[in-house]
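Remember, predicted model here, so these are calculated numbers, not experimental data.
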Amino acid sequence: MAPRKSPRERQMLVLESVIALVFVLVACVELCDGATVVDVYRLIQYDISGAPFGSRLAGLNHHATSLHFSPHADLSRTVLLIPLREFNISFVKEYIAENKPLGGLLFLLPQIFNFENKGEVGSNHLDGTEELLKNVLAELEQILIRTNLPYPVYFAFEDDNINAVLADIKKSDITGQPATATTGGYKFVVSALEPKSLVSPSITNIQGWLTGLKAGDDAHQLPTIAIVASYDTFGAAPALSVGSDSNGSGVVALLEVARLFSLLYSNPKTRGQYNLLFGLTSGGPYNYNGTRKWLRSFDQRLRESIDYAICIDSIGSWENELWIHVSKPPENSYIKQIMEDFSSVAEELGFNVNLKHKKINISNPRVAWEHEQFSRLRVTAATLSELSAAPELLEKTGGLIDSRHFVDEKAIIRGVKLVAESLARHIYGHQGKNIQIFADNSNLAVNPYYIRSWLDVLSQTPRVAPFFSKDDPFVMALKKELEDHTDEVNLQREALDGMFTFYDSTSAKLNIYQVASVTFDLLLLLVLGSYLIVLFSFLVITTRGLDDLISLFRRPPSRKVKTA
């Protein structure tokens, strides 16, 4: 029998066992140390009249590869990581058009498209690289939102972590060692539930009044001018669709015009003989669905009191030219008056305003401009925009490229001056007179700090309407701001028409793991197994003796021998 070990010797054995356990744990930790977490934004998922568009899946658990993958590689279980700076639009068109299998897509966007980027903003003069990236991303976005993609598609922004991962993946692909379960590499994991459709998404319109100088006892007998802007957006990634220009610039302009006229209307001596109706409408990307429902809520008397409506849309990135879009013929007396007022003010401010007439087809549900919803109800209206032609459905609605970086607040200031001075000349009968009511350095001057602050707020707030909650803080902030400058402010909540169906899951966390190859796993298993066997043998020998260890491997005697 082996001699018993002293307490000190037993303590040493326990210590050695603990050290061995720590060694194993450290080895495991080192294997998992390559994990990185990245914020990613999912491609929108929606249906139009039952037809599916966008990305139809959210969960991701595949190895990653770059654009340098082998031409014969099977990508059905692989995430393709594509930086916009290396983007090949023909390649993506081919993959999508031919329905080639993919495990997923992850697009890397430069920081200039990040609404959280605090770098230089407000320049309308882009260098060649920025202009090219903007055009490529605009084309990519239109392809993605108009296609049914049966795999997850995400966007992320460049940073040091993801760039380092991309460099490693490229290196492996170039050397002919793509990531697989056998060779190892990087694995991208997004834990997300199956996206669910949003039940009865709502849209909210906000309106406020400035009451004109009363004629008799009823101010509603006065004619009305409506100033309107749609405030929501649509884009390839709902969590990134801030729409700084479309239509953040229009919302900012409306709020500043309301502030300026509130100063005039606060004094009975300078209050005009017009009611001013300010409307912030929702559902703009969806054929101005909210505008239509807002107008239909008016009684006939109010509708007939509207002389005309000015809709402001995308005035944040122009230089020398704006457009007034109308549905009624240019010969119409109201259209002539609008054009004369705006043209004379624009000439004094040093730029041009052009008229664009586009007839509407009542039988066609497509509504290209917000003023067309007024025209369908026989209300004279026009849209002021930097765009010379009507965009297509879900085009130029505040997508990925519409960030603060590309909006010039000076352009918005000039647009506000144009609208405010033109309205004032009409209201106070100063047509044809070179009178600046909102002159610079006066008490009624346009406030650039007010415009900048609201532009910053709008440029940091994704505004895809179906994802707004019932009492969304942003909507409440708009209501509060109108209450500060107008009277009788109220909200109108409506259900978005059933033509569109939207799905949740708009952003997620991407976990990037550096996975070892199977060969390395087997080698590590062999080393750890050998170490544990040696440790076990050592512990048995030192505590119970060599004979006990050998007896573990002896063949037990047969039952016959025992019986004999």
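When all heavy atoms of L57 and R42 are compared, the closest pair comes out as O-NE, 3.1 Å. When all heavy atoms of I315 and A253 are compared, the closest pair comes out as CD1-CB, 3.8 Å. Taking both residues in full, the closest heavy atoms of A58 and P195 are given as CB-CG, 3.9 Å, listed atom of the first, atom of the second, then distance. The shortest non-hydrogen separation linking V353 to F342 is CG2-O, 4.2 Å. Heavy atoms only, all atoms of each residue included: T204 and V475 are closest at CG2-CG1, 4.0 Å. Nearest heavy-atom pair, H62 versus V79, reported as atom, atom and distance to 0.1 Å: CB-CG2, 3.7 Å.
For an aromatic pair to be called close, the ring centres must be under 6.0 Å apart, and F155 with Y41 fails this. Two rings, from F438 and F261, have their centers less than 6.0 Å apart.
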**OP:** Check the pair D472 / K479 against salt bridge (charged side-chain N to carboxylate O under 4.0 Å, His left out), numbers first and verdict last.
**Re:** CA-CA 11 Å; D472 189 87; K479 178 176 180 287; over 6 Å; no
**OP:** Could you walk me through whether E321 and E386 pass side-chain contact (heavy atoms from CB on, under 4.5 Å), step by step?
**Re:** CA-CA 7 Å; E321 194 172 52; E386 67 203 12; over 6 Å; no
Subject >> Full working for side-chain contact (heavy atoms from CB on, under 4.5 Å) between F298 and L277 >> reply: CA-CA 12 Å; F298 294 172; L277 173 60; 3.8 Å; yes
**OP:** Determine, step by step, whether E494 and S202 satisfy the side chain to side chain donor-acceptor pair (under 3.5 Å) criterion, reporting the C-alpha distance in whole Å, the side-chain angles of both residues, the deciding distance to 0.1 Å, and the verdict.
**Re:** CA-CA 6 Å; E494 297 284 350; S202 63; over 6 Å; no
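Between Q373 atom CD and Y288 atom OH the span is 9.5 Å, to the nearest 0.5 Å. With values rounded to the nearest 0.5 angstrom, N490 atom CG is found 9.5 Å from E483 atom CD. The structure places CG of L393 at 5.5 Å from CG of N287, a figure rounded to the nearest 0.5 Å. The distance from atom CH2 of W294 to atom CD of Q207, rounded to the nearest 0.5 Å, is 6.0 Å. The line from CG of N114 to OG of S403 is 8.5 Å long, rounded to the nearest 0.5 Å. For the atom pair CD1 (I512) and CG (D168), the distance works out to 11.0 Å, reported to the nearest 0.5 Å.
Just one of P462, S282, P466 meets the side-chain contact (heavy atoms from CB on, under 4.5 Å) condition when paired with D232; it is S282. For the side chain to side chain donor-acceptor pair (under 3.5 Å) criterion with T383, the lone passing option out of H371, K358, E372 is H371. Of the listed residues (P285, S230, S241), just one forms a side-chain contact (heavy atoms from CB on, under 4.5 Å) with T397, and that residue is P285. Checking N148, V153, L149 one by one against R56, the side-chain contact (heavy atoms from CB on, under 4.5 Å) holds for a single residue, N148.
Residues meeting the side chain to side chain donor-acceptor pair (under 3.5 Å) test with R463, sequence neighbours left out: none.
A salt bridge is absent between K93 and E98; no separation between the charged side-chain nitrogens and carboxylate oxygens falls under 4.0 Å. Taking the charged nitrogens against the carboxylate oxygens, D456 and R452 have no contact shorter than 4.0 Å, which rules out a salt bridge. One finds a salt bridge joining E409 and R404 here, because a Lys/Arg side-chain nitrogen approaches an Asp/Glu carboxylate oxygen to under 4.0 Å.
Looking at heavy atoms from C-beta onward, F107 lies in side-chain contact with F87 at the 4.5 angstrom threshold. Considering only heavy atoms from C-beta on, N289 comes within 4.5 Å of L496 through its side chain.
A perpendicular orientation is assigned to the rings of F502 and Y286, their planes being inclined by more than 60° (bins at 30° and 60°). Ring pair F53/Y46 is parallel by interplanar angle, where below 30° counts as parallel and above 60° as perpendicular. Ring orientation note: the planes of H325 and W369 are close to parallel, at an angle under 30° on the 30°/60° scale.
A cation-pi arrangement is present between K134 and F406, with the terminal nitrogen or guanidinium carbon under 6.0 Å from the aromatic centre and inside a 45° cone about the axis. A cation-pi arrangement, defined by a distance under 6.0 Å to the six-membered ring centre and an angle within 45 degrees of its axis, is present between K100 and Y95.
Without hydrogens or angle criteria, S262 side chain to R259 main chain gives a donor-acceptor distance under 3.5 Å. The closest donor-acceptor contact from the side chain of T175 to the backbone of S172 lies under 3.5 Å.
In summary, the side chains of S66 and D173 do present a donor paired with an acceptor at a separation below 3.5 Å, with no hydrogens or angles considered. At a cut-off of 3.5 Å, with distance as the only test, a side-chain donor of D245 or S317 sits close to an acceptor on the other residue. In the model, N205 has no side-chain atom that pairs as donor or acceptor with a side-chain atom of T281 under 3.5 Å.
The 12-atom threshold is exceeded at CD of Q111, counting heavy atoms of other residues, nucleotides or ligands nearer than 6.0 Å. Atom CZ of R493 sits in a crowded spot, with more than 12 heavy atoms from other residues, nucleotides or ligands closer than 6.0 Å.
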